[in-house]
**Student:** 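Before I ask anything, here is the structure I am working with.
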Amino acid sequence: MSYDFNTIEARWQKYWAENETFKAENNSAKPKYYVLDMFPYPSGAGLHVGHPLGYIASDIYARYKRHKGFNVLHPQGYDSFGLPAEQYAIQTGQHPALTTKENIARYREQLDKIGFSFDWSREVRTSDPTFYKWTQWIFIELFNSWYDDNTNKARKIEDLEAVFEAEGNTTVDAVCDEDVYEFTAEQWNGFSSKEKQEILLKYRLTYLAETEVNWCPQLGTVLANDEIVNGVSERGGYPVIRKKMTQWSMRISAYAQRLLDGLNTIDWPQPLKDSQINWIGKSVGASVTFNVKDHDEIIEVFTTRPDTIFGVSFMTLAPEHDLVQKITTAAQKEEVEAYVEATAKRSERERMADVKTISGVFTGAYAEHPFTKTPVPIWIGDYVLAGYGTGAVMAVPCGDQRDYDFAKHFEIEIPNIFEGVDISEEAFSDKENTIITNSDFLDGLKYKKAVKTAIYELEKLGQGEGKTNYRLRDAVFSRQRYWGEPFPVYYIDGMPQMIDAKYLPVELPEIEKYLPTETGESPLGRADVWAWDTVSNKVVSNALIDDINVFPLELNTMPGWAGSSYYFNRYMDPNNNNEVFSKDAIDYWKEVDLYIGGSEHATGHLLYARFWQKFLFDQGYVPVDEFAKKLINQGMILGTSAIIYRVSGTNAYVTKDLKDQYETEELRVDVGLINSSDELNLEGLKQWQPQFSDAEFILDSGKYIVGREVEKMSKRWFNVVNPDDICNNYGADTLRLYEMFLGPLEQSKPWNTAGITGVHSFLKKLWKLYHNGDVFEITDVEPTKDNLKTLHKTIKKVEDDIENFSFNTSVSTFMIAVNELIAQKCNSKAILEPLLVLISPYAPHIAEELWQKMGYDMSISTASFPLFNEKHLVESTKQYPISFNGKMRFTLELSLDLNKDEIEAAVMAHEKTQQQLAGREPKKVIVVPGKIVNVVG
RNA sequence: GCUGAAGUGGUGGAAUUGGUAGACACGUUGGACUUAAAAUCCAAUGGCCUGUAAGGCCGUGCGGGUUCAAGUCCCGCCUUCAGUACCA
């Protein structure tokens, strides 16, 4: 029987499922290892060959670790709440619960076909009430916590209340809203309950606040900053506008510094760390206050260059700045208002596209320089952003190019405070080579010293202090959507109240119309049964809301990243109904050892998950404050689209090489119609779509050759390759090997089905090597030296490759090994057995099949990884290339038994070497045993 | 603009600490088997020179440098991709 992969793979997939071969135990004498994939959104399109790339890599590693004697946790689940699932439901007009269920079933079927070693008994779905019960629970925990900057950790809100009762808030050093004012213990104790609640809300780690948010009318929801790309929504590409709304927010800014520090302790790709560092955007400098002349107002600015304070010649406020209205003089009022209105109209995108145009207006008001007390004109300009720092800057035109351009444009004075620097053409922003001058007490100082001195003097004046500023904003946590986790929150007198954890989950209500609204009301507002009864502790009909103990529930739902911020911990104890996870389970598994997923989550999921982990760590629920020790970003597999060229205005299509003779337009056609030499199947095309049924073709030597374009795999480009088709035609083992063979894991690469025959024929050769006709045949004869050499070379290489996640080269190594064994006519059991263990992480089905045929009744996954023995690699002689003065080269064959000195002597004694060296004294002879002999003249 | 990654045959890609560049595979060409096709197997395959062979020269984006020896290290450029962007 030839290699019948369909039968073999179906049999072993069934065997693994029935025997729960990959079930992980929460207790084991073996060391633990946790391999995690980023769980998928079950979208309607199903998987294409690009999706499983990371899963195959993690599966190889998980299977390898089992062979190495680890108790491996390798789970999988679905991120089934959120925009993608809901968008698909809206498109198909079906309820998201239904489409999600169907999509998950489809995903599962596709995943099973590829033969992953997932422990499906631990599956989680974020949209399942038994899961989101714990998402709600963590939300409540966050609500009941505040961040103490003294101890640098989150603490219980009761602690804060106790401090307020005893000392007021003047001694508290907490991360909180900017508008909290100071109060004493007496004042606190005199506040009403509602006043107390309002104040506490400003300290909680998740809080309700009216904030300016990114509103996307087409999607009918707000978006987080990381969900916006180039000013439009990441999903769908719709415009986003700024809008004030009352929203739940997560005080992630409290963790800014720890999120930065933690990066040094984890093995994640540098580009990913860089983008998180960038996103957090720490800058160190000073906060400086300027008094406004003839007003009581002060302007606070943040600057990274307090050393240039004597270079200030004007100030600029963002057009949205609160002070603009207050300080503008009557004479300037009209002009200022016109400008403010004009900028407000411009969308984020227009502002970004139009960076080069300099615009601004003078307010007529002046600030007072803290040291010189000279008047400083106050301008407004849209190059200053309301959302960063204080929304105001002290402009130092000689040291900052934007200030310089603004000053030049409006003919504002540009004083020079840098010694020996020409600023007639541009600003001078080189910190390192700065010597300050014209700056009173800062004269002659260099950058670092000047910064310190300036801050010291500002503090003495009470007009400034050293300050660190972060770009990271608190994350908006409300979505005006149906398909998400409901908040465990109801409102009494407008103040949010948490539902007691013992009554969770608060389940998503059934509603008929779940479509989002353009105006911003949440679809949950349409639910009839969506009120909270504080007596029965149940969700009840809205009609009862007039009852004294029935209150309205929160109408928003949580964003897509809620469930994904802790799911990795839930896998450790997924069926626990009493706790999010037991202490035993979390203490045993601790953290993810290897996490594989795409880099697109760098500033979303991966930042939020780190934040929640640190919070859970502060609360003592998890033993480590980084959830994933090592992370790898797999690259994307791209599609290779096929392009045909239609002669304009006709239904004739011209082959690629002749297209320049015509005026043509490009059309993409199904890649399934193209053979391995880029030739188009003309009959197939005619049947593919009606528009081609009477197409004519202009051919070159009877062939139509298509153009190729590498781009994202997508239905709209007709370049999607389905893994099911590959599994049916070549088998899952071939798919797995080929995806690895395509290139380095981290790299993006185009899919090309043509090349798959290479790895497929490797499997056929492997099969044939141990079969005589239809009969499985191996021998017990002692392996030869050559057999052992092939085997141990392979063990060494494959082990190194897996440890370095360089899976592509292992596949080549297997091919070489099998070719060598075929040449050696080796079907020795002593070789096959370890060889199968090496291959089994990559091609598990064929390995199991041959393993069983050898007579084992246990799964190959229980076998140990073979030990490498170097002695089998040693050759009796080796050819040494010798180079002399870079020009003359010859090889010398020497016995490997020789030691270093003997090789050296042999080289010197060699006739040709002596000729080369004639007349020259060699300075030294470098001999590296097993490597190359080097003669240095 | 800034940050990061990367440039190697017709193609995907190999190449421990600098040590015979192009492993392995696809594709292409020729051959064997076959009525034929598929499948399989064998051989050749970076470029150029020499009739073949032997051999030589040139070759890892470009220009320099270090070294007996550079795809690999150093300096200066160019190009591509990704992320980010008026961040004070």
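All of these numbers come straight from a predicted model, not from anything done at the bench. Residue numbering restarts at 1 for every chain, and letters A, B, ... go by the order of the sequence lines.
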**Student:** Any base atoms under 4.0 Å from A:K273, or only sugar-phosphate, or nothing? Heavy atoms, all strands.
**Tutor:**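 Touches nothing.
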
**Student:** B:A14 and B:G30: how far apart are their C1' atoms, nearest whole angstrom?
**Tutor:** 27 Å

**Student:** For A:N808, which contact category applies under a 4.0 Å heavy-atom criterion: base, sugar-phosphate, or nothing?
**Tutor:** sugar-phosphate

**Student:** So which nucleotide from B:A88, B:G4, B:A15 ends up closest to the side chain of A:T809?
**Tutor:** B:A15

**Student:** Take A:S806 and A:T809 through the test side-chain hydrogen bond (donor to acceptor under 3.5 Å, both in side chains) and record every step on the way to the result.
**Tutor:** CA-CA 6 Å; A:S806 160; A:T809 47; 3.0 Å; yes

**Student:** Check whether any side-chain N or O of A:N819 sits under 4.0 Å from OP1 or OP2 of B:A25, and answer yes or no.
**Tutor:**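 Yes, within the criterion.
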
**Student:** Tell me, which stems hold RNA chain B, with a stem being 3 or more Watson-Crick or G-U pairs in a row and both distances under 3.5 Å?
**Tutor:**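 Counting only runs of 3 or more consecutive pairs, the stems involving RNA chain B are B:1-7 with B:78-84, B:10-12 with B:24-26, B:27-32 with B:40-45, B:46-49 with B:55-58, B:61-65 with B:73-77.
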
**Student:** Under 4.0 Å from OP1 or OP2 of B:A88: is there any side-chain N or O of A:R471 that close?
**Tutor:** no

**Student:** Check every strand shown and say whether A:T757 touches a base, only sugar-phosphate, or nothing at a heavy-atom separation below 4.0 Å.
**Tutor:** sugar-phosphate

**Student:** Do the side chains of A:I358 and A:Y383 get nearer than 4.5 Å, heavy atoms only?
**Tutor:** no

**Student:** Output the rounded distance in Å from CE (A:M815) to C1' (B:A14).
**Tutor:** 13 Å

**Student:** Could you tell me whether the side chains of A:T390 and A:E300 share a donor-acceptor contact shorter than 3.5 Å?
**Tutor:**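 A:T390 vs A:E300: no donor-acceptor pair found between side chains.
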
**Student:** How about A:F5 and A:Y730: are their ring centres within less than 6.0 Å of each other?
**Tutor:**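 For A:F5 and A:Y730, the ring centres are not under 6.0 Å apart.
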
**Student:** Give me, pair by pair, the N or O atoms of the protein and of nucleotides 9-12 of chain B that are less than 3.5 Å apart, along with how far apart they are.
**Tutor:**
unit_1, atom_1, unit_2, atom_2, d
B:G12, O2', A:L742, O, 2.7

**Student:** Expressed as a whole number of Å, how far does the C1' atom of B:A5 sit from that of B:C87?
**Tutor:** 24 Å

**Student:** Under the side chain to side chain contact (heavy atoms under 4.5 Å, CB included) rule, collect the residues that match up with A:A450, sequence neighbours excluded.
**Tutor:**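 Listed in chain order: A:D307, A:I436, A:L442, A:L445.
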
**Student:** Could you state the atom-to-atom distance from CD of A:E600 to P of B:G83 in whole Å?
**Tutor:**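 In whole Å, B:G83 P and A:E600 CD are 10 Å from each other.
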
**Student:** Using atom C1' in both nucleotides, what's the gap between B:U34 and B:C41 to the nearest angstrom?
**Tutor:** 13 Å

**Student:** Would you mind reading off the distance between A:L737 atom CG and B:C24 atom C1', rounded to a whole angstrom?
**Tutor:**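 Between C1' of B:C24 and CG of A:L737: 13 Å.
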
**Student:** With the 90 degree cut-off around zero defining syn, does B:G51 come out syn or anti?
**Tutor:** anti

**Student:** Scan A:D403 against the nucleic acid and name what it touches under 4.0 Å (heavy atoms): base, sugar-phosphate only, or nothing.
**Tutor:** nothing

**Student:** Taking only the C1' atom of each, what is the distance from B:G64 to B:C57 in whole angstrom?
**Tutor:** 23 Å

**Student:** Quick check on side chain to side chain contact (heavy atoms under 4.5 Å, CB included): which of A:I726, A:V811, A:I60 does A:R736 satisfy it with?
**Tutor:**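 Answer after filtering A:I726, A:V811, A:I60: A:I60.
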
**Student:** For B:A39, does either OP1 or OP2 sit under 4.0 Å from a side-chain N or O belonging to A:K764?
**Tutor:**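 For B:A39, neither OP1 nor OP2 has a side-chain N or O of A:K764 closer than 4.0 Å.
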
**Student:** Any chance you could lay out the side-chain hydrogen bond (donor to acceptor under 3.5 Å, both in side chains) test for A:T640 and A:N752, step after step, and finish with the verdict?
**Tutor:** CA-CA 7 Å; A:T640 313; A:N752 177 9; 6.0 Å; no

**Student:** Just the rounded figure in Å: distance from P of B:C86 to NE2 of A:H321.
**Tutor:** 18 Å

**Student:** From the set B:A88, B:A14, B:A25, return the single nucleotide nearest to any side-chain atom of A:P744.
**Tutor:** B:A14

**Student:** Specify the residue among A:N278 and A:G281 whose closest nucleotide of RNA chain B lies further upstream toward the 5′ end.
**Tutor:**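 Going by which nucleotide is closer to the 5' end, it is A:N278.
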
**Student:** Expressed as a whole number of Å, how far does the P atom of B:U79 sit from that of B:U52?
**Tutor:**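 That atom pair is separated by 42 Å.
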
**Student:** In whole angstroms, how far is the P atom of B:C26 from the OH atom of A:Y738?
**Tutor:** 10 Å

**Student:** Give the rounded distance in Å between these two atoms: CG of A:D801 and P of B:G13.
**Tutor:**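 After rounding, the reported distance stands at 17 Å.
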
**Student:** Checking A:F741 now: which residues fulfil ring pair (Phe, Tyr, Trp, His ring centres under 6.0 Å) with it, not counting sequence neighbours?
**Tutor:** none

**Student:** List in chain and number order the residues that pass side-chain hydrogen bond (donor to acceptor under 3.5 Å, both in side chains) with A:Q276, two or more places apart in sequence or in another chain; answer none if no residue qualifies.
**Tutor:** A:R610

**Student:** Do the ring planes of A:W379 and A:F314 sit parallel (below 30°), tilted (30 to 60°) or perpendicular (above 60°)?
**Tutor:**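 Perpendicular: the ring planes of A:W379 and A:F314 meet at over 60°.
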
**Student:** Could you measure between the two P atoms, the one in B:G18 and the one in B:U67, and give it in whole Å?
**Tutor:**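 16 Å, rounded to whole Å.
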
**Student:** Do A:F428 and A:Y404 have side-chain heavy atoms sitting under 4.5 Å apart?
**Tutor:** no

**Student:** Considering only atom C1', compute the distance from B:G59 to B:G9 and round it to an integer number of Å.
**Tutor:** 10 Å

**Student:** Atom CG of A:D405 to atom C1' of B:A88: distance rounded to whole Å?
**Tutor:** 14 Å

**Student:** Using heavy atoms to find the nearest nucleotide of RNA chain B for A:T603 and A:G391 separately, return the residue whose nucleotide is more 5′.
**Tutor:**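 Result: A:T603.
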
**Student:** Say we look at B:A15 and B:A25: how far apart would their C1' atoms be, to the nearest angstrom?
**Tutor:** 16 Å

**Student:** With salt bridge (charged side-chain N to carboxylate O under 4.0 Å, His left out) as the rule and sequence neighbours excluded, what pairs involving residues 267-288 of chain A come up?
**Tutor:**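 Only A:D267-A:K630 qualify under salt bridge (charged side-chain N to carboxylate O under 4.0 Å, His left out).
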
**Student:** Find the distance A:N633:CG to B:A5:C1' and express it as a whole number of Å.
**Tutor:** 12 Å

**Student:** Report yes if a side-chain nitrogen or oxygen of A:Y388 is closer than 4.0 Å to either non-bridging phosphate oxygen (OP1 or OP2) of B:A88; otherwise report no.
**Tutor:** yes

